[in-house]
Trainee: 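There's a structure below that I have some questions on.
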Amino acid sequence: MALVTTLRRLVQNSLREYSRKASAVTWPTKQRSFSVGTQPLRSDNKVTVNFINRDGEKITVKGSPGDSLLDVVINEDLDFDGFGACEGTLACSTCHLIFDEEMYKKLGPITDEEMDMLDLAYGLTDTSRLGCQICLTKSLEGMVARVPESVADIRQTKDGLS
Amino acid sequence: MSSCSPKVCIVGSGPAGFYTAQHLIKVDIYERLPVPFGLVRFGVAPDHPEVKNVINTFTQTAKHSRCSFYGNVNVGKNVSITELQQAYHAVVLSYGAEGNRSMGVPGEDLAGVYSAKDFVGWYNGLPSCRELSPDLSCETAVILGQGNVALDVARILLAPIDILKKTDITQPTLEALAESQVRRVLIVGRRGPIQIACTIKELREMVNLPDTRPDMVAADFDGVKEALKDLPRPRKRLTELMLKTALEVPGEKEQERRSKASRTWGFRFFRSPVEVLAEPGHSRIAGIRLAINKLEGSGDGAQAVLTGEVEDVSCGLVVSSIGYKSLPIDPSVPFDSRKAIVPNTMGRVKQAAGLYCSGWLKTGPTGVIATTMNNSFDTARSIVEDMESGTLDMSAAKPGSQSISALLEKRGVKPVTFSDWEKIDNVEMKRGESRGKPREKLLTVEEMLHVAWT
């Protein structure tokens, strides 16, 4: 797959703008703080996120508090096949991520609506969440999120409830 | 590595077609209708607009210079698969499932009986279903099948018009639903609650549907509570929600809401259709005869076995939602008529070099868009593998769309380009705006072509 630049990768680049706009429309606007006078860009206002991709590689990126993990994947142009198909609207399970127990507990409550879609994810675990529903805070600094396989290894597709 | 540029084309522009295209370098997509997107446009329910967000990524793919869309081209009629194979190194069949499984019972052809495929096509503006005009003047509708499509049909029949009128449901459907007398919908399955095929999101939507109340048969749920503990989480949550809806005594507020509801819906289990009954001396439906089953075995593998008893249910509308079905479009393509798929191994069509398939045509008509996405990525992987290994013969240069376009022109067929589609898209969105809808769909091929080429 690395040998060729497929349409998908080229699409992902132009889709970044699209999704950013789509996310902005879907989610309530973030709080804006007004300050008097100019302030230098605070580089420590970022949260480090580590993704383990499907090849087992660790990818370290930064996101801003308030960004969802889907936002981070899109903004950082991470190449996860088919991630975020419904653009963060709880209509699919393709942004499925797996956490370790400790981190999972820090992620906060899960709604019925998220669980309904998560239930369809391949390889569901007790510490699974949908990336579009996890919003970054400083307390999640250094988090590790594993991107699971989206189909059975034997290259046979199954829908979630089979 | 071959020195000539690989020419690949895809037949069908639904999710399967587009997701396959995304993993290829250069590709032409052929589509029978003037409009793209297949079941995303014609299958996904109007009140599920978020599911249609995938159209954004498909649009980006189509507009990329490496992808060319050719609408209004009927493969099998305007051009054959053999001709495509002469023009391209690889041809991918992604044309889905346009037929439906029939119940195979007497009375199936009576007025008032519809396949879910046609009913869904009707409310979603599929040109071939425009004349369906289902009669909604009866009180009770019976839906056979309990998958997500069955629940979509039930929801569209019972949802408040105020909700539906803000969706992209077609205007004629909206008008028909505004006059509808349907007040009770039964969703019937052969087996029991634990075997139900729908998913929890759709069930929750029914439970929360305004102005409706659930109406279930408590006895259908005997033994279900006890079986809960052994179920995997997704099945467990779904079953728990069903049990709660069917058996739990509701709180005061919910009780009040239910008593005010003007419409009812409910599952009926352990029932198979045996005959659609006509009004004596008429060719209209009066009811449906259902055989009563019992279950042998448990879990997914449980089988429905006839008991010999039957039960008649009066109704004026029957929608059979027991599965879509792929059809063969070209005699040169191998087709397994028992499974109704193109026989293949990981997307490689058996005994047909250079021929691939993806989507429902490959695996059968089940699964959500994400399922098709994985399935299509898989086929693309097989194609790329074959190109790299030399299994796919690319020693001879192929003409690609050049020769097909020439053929089509000679045959008087004018393809619709993606920018032509965008004109249709803009007209639909504009028309929808004045009605508070995301779009007002054009309902005939003629209208679509007129807008495309003006």
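Bear in mind that the values here come from a model prediction, so they are computed numbers and not experimental data. Below, chains carry the letters A, B, ... as their sequence lines are ordered, and counting in each starts from 1.
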Trainee: What residues of residues 102-114 of chain A sit under 4.5 Å from chain B when you count only heavy atoms?
Mentor: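 Within residues 102-114 of chain A, near chain B: A:Asp112, A:Glu113.
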Trainee: State the CD-CG distance between A:Glu149 and B:Asn374, to the nearest 0.5 angstrom.
Mentor: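 A:Glu149 atom CD to B:Asn374 atom CG measures 9.5 Å (nearest 0.5 Å).
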Trainee: Run the side-chain contact (heavy atoms from CB on, under 4.5 Å) check on A:Asp116 and B:Arg237 step by step: do they pass?
Mentor: CA-CA 8 Å; A:Asp116 287 354; B:Arg237 288 182 73 240; 3.1 Å; yes
Trainee: Quick one: ring pair (Phe, Tyr, Trp, His ring centres under 6.0 Å) partners of B:Phe37, sequence neighbours excluded?
Mentor: B:Phe18, B:Trp421
Trainee: Between B:Asn53 and A:Cys86, which heavy-atom pair has the shortest distance, and what is it?
Mentor: ND2-O, 2.9 Å
Trainee: Among B:Lys63, B:Met373, B:Arg204, which residue forms the greatest number of heavy-atom pairs with chain A at distances under 4.5 Å?
Mentor: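 When all of B:Lys63, B:Met373, B:Arg204 are compared, B:Arg204 has the most.
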Trainee: For the NZ atom on B:Lys166, are there more than 12 heavy atoms of other groups (residues, nucleotides or ligands in this structure) within a distance under 6.0 Å?
Mentor: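 Atom NZ in B:Lys166 is not crowded, with 12 or fewer foreign heavy atoms closer than 6.0 Å.
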Trainee: Can you measure from CD (B:Glu50) to SG (A:Cys92) and round to the nearest 0.5 angstrom?
Mentor: 10.5 Å
Trainee: For the atom pair CG (A:Asp119) and CZ (B:Arg235), what is the distance rounded to the nearest 0.5 Å?
Mentor: 11.0 Å
Trainee: Please look at A:Met115 and chain B and tell me whether the side chain, the backbone, both or neither of the residue comes under 4.5 angstrom of a heavy atom of that chain.
Mentor: both
Trainee: Would you say the side chain of B:Lys201 lies within less than 4.5 Å of the side chain of A:Leu120, judging by non-hydrogen atoms?
Mentor: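 No, side chains not in contact.
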Trainee: Salt bridge between A:Asp126 and B:Arg233, side-chain N to carboxylate O under 4.0 Å?
Mentor: no
Trainee: Please give me the minimum heavy-atom distance between B:Tyr19 and A:Ala85, naming the atom from each residue.
Mentor: OH-CB, 3.8 Å
Trainee: Pair B:Val54, A:Glu87 - check side-chain contact (heavy atoms from CB on, under 4.5 Å), show working.
Mentor: CA-CA 8 Å; B:Val54 292; A:Glu87 297 174 7; over 6 Å; no
Trainee: In terms of heavy-atom contacts, does NZ of A:Lys138 have more than 12 from other residues, nucleotides or ligands at under 6.0 Å?
Mentor: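 Atom NZ in A:Lys138 is packed in, count exceeds 12.
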Trainee: Test B:Asp378 against A:Val151 for side-chain contact (heavy atoms from CB on, under 4.5 Å), laying out the working first.
Mentor: CA-CA 10 Å; B:Asp378 204 60; A:Val151 279; 5.9 Å; no
